Novice: 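I am attaching a structure below and will ask some questions about it afterwards.
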Amino acid sequence: MEYNAQSLEKKWQEYWTNNRSFEPSEDFTKEKKYILSMFPFPSGRLHMGHVRNYTLSDSFARYYRQQGFNVLHPIGFDSFGMPAENAAIKNASHPKSWTYDNINYMKAEFKTLGFSFSKERELATSDELYTKFEQSFIIDMFEKGLLYRKKGLLNWCPHDLTVLANEQVVDGKCWRCDTAIVKKDMNQYYFKITQYSDELLAGLPKLETGWPKQVLTMQENWIGKSNGLEFDLFFDDKSKNKLNSKFESFDVFTTRPDTIYGVSYTALAPEHDIVTYMIENSLLSQEIISDIQKMKNTSSIDRQKEKLGISLGLDVIHPLTRKKVPVWIANFVLMDYGSGAVMAVPAHDDRDYDFAKKYNLSINAVIKPFEGEAKVGKAYTEVGKLFNSGEFDGMNSKKSQYNIIKHFEENNIGKKTTNYKLKDWGVSRQRYWGAPIPFVHCNSCGIVMEKKENLPISLPDDVKITGEGNPLEKHPTWKYCACPTCGGDAVRETDTMDTFVESSWYFLRFCASKQNWEKEAFSEEQIKYWMKVDHYIGGIEHAILHLLYARFFTKVFRDLGYIEFDEPFERLLTQGMVLKDGAKMSKSKGNTVDPDALIEKYGADTARLFILFAAPPTQELEWNDSAVEGAYKFIKRFFDRSSNIVKTDTKPKINHSSLNKDEKFARKKVYEALVRANDVYNKKYTFNTMIAGVMEAMNALNTQTNTDVWTEAYWIIASIMEPIIPHVCWDISSNYFSLNNLSKQNVLDEVFIEDSMTLGVSINGKRRCEIRVKIDENKDKIIELAHEAAAKWLEGKTIVKEIVVPKKLVNLVVKG
RNA sequence: GCGGAUGUGGUGAAAUUGGUAUACACGCCAGACUUAGGAUCUGGUGCCGCAAGGCGUGGAGGUUCAAGUCCUCUCAUCCGCACCA
């Protein structure tokens, strides 16, 4: 029979659908696995990154089904978000129809790829039922004080009168009309994620067994906990007068109190209150004011590229030396970290050093190395010995931090403080295609929560997305409503929510079976059974934000009493990007590979096999058309050679000792592949080497003709390859084994027993030859054999050392 | 700029974590079969060299009997930087 991927795959896809093969059981006494891949934004068509993501999760899901687990492997769509509006602007379409058309198309694509998703739990986050519960949670969080309103700086296009996302700002200009953007201070909603800073940080070590270390490190750095000293710097009288006595001092935070005597200037963020006051009261020249404006309108990343400063003509008094210290504005001082002001020690901080050099400010060293001298021409940032530091002279700089903080505290001029880089999470979006924030602004009651029975607050359908203004704000009627508290005239909040909110709890929603979706977000019983997610698979680009937000929501839901665990994801697998010609696949570069075309030509199994074989999942994947061809040929060979096997409902029993050398070797290779397969799902995720193992087994099988060996091999290989190339494996398994082999496979140790082995022989670490020895050969005999084999290289030399590494090699160290 | 990663044949990659570098595959070369081959099968293939041998894991040093793996410095590429998802 000829291998025909298209008809074979279609046949099994229909079979799986008709048999509801992948719907989880409601029998909660069975052992479960919850396999989740990050759900996609419905951009229109699947791209290779998606194929990689879902091939990985599908392999896990299928593997655990074979192992007898009750598997939940759901899928949905993260369907709110800006691209739907961008498409609407571009094609004069409606975000809703664009989104749901895309979803339908992509669902069909999932089917052709043979992904074993539970179709009955499919959801889109833009569904009203999803919005309903999300809004309800938002209200809960508001009541708990975890959601609040404050001013925040946004990118504002003065021409389109709209807020721009960072990606819509190109070189400081609006992407649509090229107008220079300005930063605008607007009221926005924030989640108080900082209330959980410590817990989010403390939870990281518990994830060490299941999460990649790099992700934990990135999150740790992102939360950015640091201990240090906080103190006030007081203006001298002259400066105080300049400021009309409005400000006495400002607050600074430092993680290096040991360098306090080295302070030679201080720097404020351009957004600092004092700067704002000086601008508003014309205490600075027009020229300086416009420089400050320019600085403020520069993105935080661009600001760090070139250090810029502006002298304010003010001085503060050093808290210990009582000397005058000039006050500057510096573009690298961030308003939202610490107090937006720093003490600068150019002698011992790289940034401060560059800045001082540029503006010719003094550099006062106060720490020197324990031995020798510090390098000239750069900041000395290492630990050392204090000098020029008053009573602290001679102390170890690291240890002096404690003493200096103590000194500040005893004299009541400063205190020990902990700071975090983590900021509260701004969730307001001034856009249409998102979940409305369920609040109402009432003239008499102020900001009022919507009543839960009125949820969901749905979006109006009759809008035109033009890219100008906020569509909900502009809508003629939508925002007008009665106050839920007093019944008086009120207006709805027109901000919608960040789409990261939806993706912060979708994994909980998946636990609920569809018949209860109207009634509740999820049930306690279902959550208890399915959570946590056993394997979570997605792109490394989500290492920080999405994963941190999902962890935050989990802790909040716990504190709201909805769930009983602290962390949502037991194990995390972060996949690398899919590249072509060394670059990320993108439409603009024209280097995309269309999954549909690939499936049409070779079938889904080929696409899946190539993707898992070409690189380990955590690494970048370089696309290669001829390697895809190779994957296809392997499957075809695998299918063709199934003609060597005989029909059976049970695995053949083989007497290993009666086999010849080639047969034994083939069997050993097959079982080696099985051992590797089990390792993949449990710890290593190295599908590529597991597949290589199967290929080795196939090559070895081909050197012998024993039908039992062939049959046993296919019984096992069709089982371990089924998670990867399911269609062809189901076909073979149903043709020959009544599908009985698609189940847990046991390793037979007897096939690994050998009586001799090969050892490498090295001279001075350089491999020269090899010897064959009995498995339990003693050391002296091994050395003797090594001497014989390496005689040529030992001539005229003296052996100074002989190293035997059991089961590996012999190294002879020679001289002369 | 800050934080995180990656770098091994012509190509994608492997190496049980300090122990025979290049498994498996692509490509290439040769052969077989064939009217034909962009099908299939068999064999070969790190680089230099006729050979002996030498060299070889981005680069430069170091530790070790032994380094792709550990240390120091350095270069290049990629991811994230809070309104892309």
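To find a chain, count down the sequence lines: A is the first, B the second, and so on, and within it residues start at 1. What you see below is based on every heavy atom in this structure, not just the backbone, and it leaves out hydrogens, waters and symmetry mates. Nothing here was measured: the structure is a model prediction, and the numbers come from that model.
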Novice: When you compare B:U6 with B:A66, how far apart are their P atoms, in angstrom units rounded to a whole number?
Specialist: 27 Å

Novice: Which way is the base of B:U17 turned, syn or anti, if we draw the line at 90° from 0?
Specialist: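 Syn for B:U17; the angle stays within 90° of 0.
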
Novice: What contact category does A:N702 fall into here, base, sugar-phosphate, or nothing, at under 4.0 angstrom with non-hydrogen atoms?
Specialist: sugar-phosphate

Novice: Tell me which of A:A692 and A:T686 sits closer to the 5' end of RNA chain B, going by the nucleotide each one is nearest to.
Specialist: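 Looking at RNA chain B, the more 5' nearest nucleotide goes with A:T686.
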
Novice: The side chain of A:K808 is closest to which nucleotide in this list: B:C79, B:U16, B:G1?
Specialist: B:U16

Novice: Mind checking if A:S762 touches a base, just sugar-phosphate, or nothing, with heavy atoms under 4.0 Å?
Specialist: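 A:S762: no heavy atom of the nucleic acid under 4.0 Å.
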
Novice: Between A:K358 and A:D354, does any NZ, NE, NH1 or NH2 come within less than 4.0 Å of an OD or OE carboxylate oxygen?
Specialist: no

Novice: Distance check, C1' atoms only: B:A5 and B:C41, in whole angstrom units.
Specialist: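 Those two atoms are separated by 43 Å.
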
Novice: Take the protein atom CG of A:N624 and the nucleotide atom C1' of B:A13, then report the distance between them rounded to whole Å.
Specialist: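 Atom CG in A:N624 sits about 11 Å away from atom C1' in B:A13.
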
Novice: Could you give the CG-to-P distance, from A:L812 to B:A66, as a whole number of Å?
Specialist: 13 Å

Novice: For nucleotides B:A85 and B:G80, find the distance between their P atoms and express it as a whole number of Å.
Specialist: 13 Å

Novice: Round to the nearest Å and state the distance from A:Q214 atom CD to B:C78 atom C1'.
Specialist: 12 Å

Novice: Rounding to a whole Å, what distance do you find between A:K636:NZ and B:C26:P?
Specialist: 15 Å

Novice: Using a cut-off of 4.0 Å on non-hydrogen atoms, how would the nucleic acid contact of A:H546 be classed: base, sugar-phosphate, or nothing?
Specialist: nothing

Novice: Under a 3.5 Å cut-off for both distances, is B:G37 Watson-Crick or wobble paired, and to whom?
Specialist: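 Looking at the geometry, B:G37 pairs with no nucleotide.
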
Novice: Are A:W505 and A:Y549 an aromatic pair, judged by ring center distance below 6.0 Å?
Specialist: no

Novice: With rounding to the closest Å, how many angstrom separate the C1' atoms on B:U74 and B:A23?
Specialist: 32 Å

Novice: Using OP1 and OP2 only, check whether a side-chain N or O of A:R676 sits under 4.0 Å from B:A23.
Specialist: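 Checking A:R676 against B:A23: no side-chain N or O falls below 4.0 Å of OP1 or OP2.
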
Novice: Among B:U20, B:C81, B:G19, find the nucleotide with the atom closest to the side chain of A:I803.
Specialist: B:G19

Novice: Is it the case that atom OH in A:Y3 sees more than 12 heavy atoms from other parts of the structure closer than 6.0 Å?
Specialist: yes

Novice: Would A:R351 count as a cation-pi partner of A:F332, with NZ or CZ less than 6.0 Å from the six-membered ring centre and within 45° of the ring normal?
Specialist: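 Output no; distance or angle outside limits.
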
Novice: For the side chain of A:E620, counting heavy atoms from C-beta on, which of B:C78, B:A25, B:C65 is nearest?
Specialist: B:C78

Novice: Tell me whether the side-chain N/O atoms of A:K184 come closer than 4.0 Å to OP1 or OP2 in B:C83.
Specialist: no

Novice: Measure across A:E306 and A:N331 and return the closest heavy-atom pair with its distance rounded to 0.1 Å.
Specialist: O-ND2, 2.8 Å

Novice: Which part of the nucleic acid, if any, lies within reach of A:P616 when heavy atoms closer than 4.0 Å are counted: base, sugar-phosphate only, or nothing?
Specialist: sugar-phosphate

Novice: Taking atom types as they are modelled, would you say the side chain of A:Q430 forms a donor-acceptor pair with the base of B:C83 within the 3.5 Å cutoff?
Specialist: yes

Novice: With sugar-phosphate meaning primed atoms plus P, OP1 and OP2, does A:A614 contact a base, only sugar-phosphate, or nothing at under 4.0 Å between heavy atoms?
Specialist: sugar-phosphate

Novice: Determine whether the aromatic ring centres of A:Y190 and A:W425 lie less than 6.0 Å apart.
Specialist: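 Not under 6.0 Å, so no.
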
Novice: B:G68 and B:A21: how far apart are their C1' atoms, nearest whole angstrom?
Specialist: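 Each nucleotide's C1' atom is 8 Å from the other's.
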
Novice: Rounded to the Å, how far apart are A:Q619 CD and B:G12 P?
Specialist: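 In whole Å, B:G12 P lies 11 Å from A:Q619 CD.
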
Novice: Whole Å only: how far is the CZ atom of A:R767 from the P atom of B:G54?
Specialist: 14 Å

Novice: Would you indicate what A:R772 reaches in the nucleic acid, counting non-hydrogen atoms under 4.0 angstrom: base, sugar-phosphate, or nothing?
Specialist: nothing

Novice: Using whole Å, report how far CE of A:M698 lies from P of B:A25.
Specialist: 11 Å

Novice: When rounded to the nearest Å, what value does the distance between P atoms of B:G61 and B:C79 take?
Specialist: 32 Å

Novice: Any idea which of B:A25, B:G56, B:C84 is nearest the A:K766 side chain?
Specialist: B:G56

Novice: Just one of A:Y602, A:W623, A:F687 clears the ring-ring contact (aromatic ring centres under 6.0 Å, His included) bar with A:F610, so which one?
Specialist: A:W623

Novice: Can a cation-pi geometry be assigned to A:K192 and A:Y148, taking NZ or CZ under 6.0 Å from the six-membered ring centre and within 45° of the ring axis?
Specialist: yes

Novice: So what does A:F613 touch, heavy atoms closer than 4.0 Å: a base, only the sugar-phosphate, or nothing?
Specialist: base

Novice: What form does the base of B:G9 take, syn (within 90° of 0) or anti?
Specialist: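 Syn conformation for B:G9.
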
Novice: Would you mind classifying the nucleic acid contact of A:T618 as base, sugar-phosphate or nothing, using non-hydrogen atoms under 4.0 angstrom?
Specialist: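 Result for A:T618 = nothing.
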
Novice: Looking only at the side chain of A:L545 (C-beta and beyond, no hydrogens), which of the listed nucleotides B:G27, B:A66, B:A82 gets closest?
Specialist: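 Nearest nucleotide to the side chain: B:A82.
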
Novice: Return yes when atom CG of A:D171 has more than 12 non-hydrogen atoms of other residues, nucleotides or ligands closer than 6.0 Å, and no otherwise.
Specialist: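 At most 12 heavy atoms, drawn from other residues, nucleotides or ligands, come within 6.0 Å of this atom.
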
Novice: Using the side-chain heavy atoms of A:N688, tell me which of these nucleotides is nearest: B:U20, B:A14, B:C83.
Specialist: B:A14

Novice: Out of B:G4, B:C24, B:C84, which has the shortest distance to the side chain of A:T217?
Specialist: B:G4

Novice: Mind checking if A:N699 touches a base, just sugar-phosphate, or nothing, with heavy atoms under 4.0 Å?
Specialist: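 A:N699: backbone/sugar contact only, no base atoms under 4.0 Å.
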
Novice: Does any donor-acceptor pair link the side chain of A:E541 with the base of B:C81 at a separation under 3.5 Å?
Specialist: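 Such a pair does not exist between side chain and base.
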
Novice: Please tell me which of A:S626 and A:E622 maps to the more 5' nucleotide of RNA chain B, matching each residue to the nucleotide holding its nearest heavy atom.
Specialist: A:E622

Novice: At under 4.0 Å between heavy atoms, what does A:G426 touch on the DNA or RNA strands: base, sugar-phosphate, or nothing?
Specialist: sugar-phosphate

Novice: Assign A:F500 to base, sugar-phosphate, or nothing according to its heavy-atom contacts below 4.0 angstrom with the strands shown.
Specialist: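 Base contact - A:F500 has a heavy atom under 4.0 Å of at least one base atom.
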
Novice: Provide the distance between the two C1' atoms, one in B:A14 and one in B:G46, to the nearest whole Å.
Specialist: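 So the two C1' atoms sit 14 Å from each other.
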
Novice: Measuring from the side chain of A:N221 (C-beta onward, heavy atoms only), which nucleotide among B:G19, B:G3, B:A25 has the closest atom?
Specialist: B:G3

Novice: P atom, B:U22 versus B:G44: distance in rounded Å?
Specialist: 15 Å

Novice: If I take atom CG in residue A:L579 and atom P in nucleotide B:A5, what distance separates them, rounded to the nearest angstrom?
Specialist: 19 Å

Novice: Indicate, with a heavy-atom threshold strictly under 4.0 Å, whether A:R303 touches base, sugar-phosphate, or nothing.
Specialist: nothing

Novice: Just to be sure I understand the rule, does A:L759 reach a base, reach only the sugar-phosphate, or reach nothing, if contact means heavy atoms closer than 4.0 Å?
Specialist: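 It contacts nothing in the nucleic acid.
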
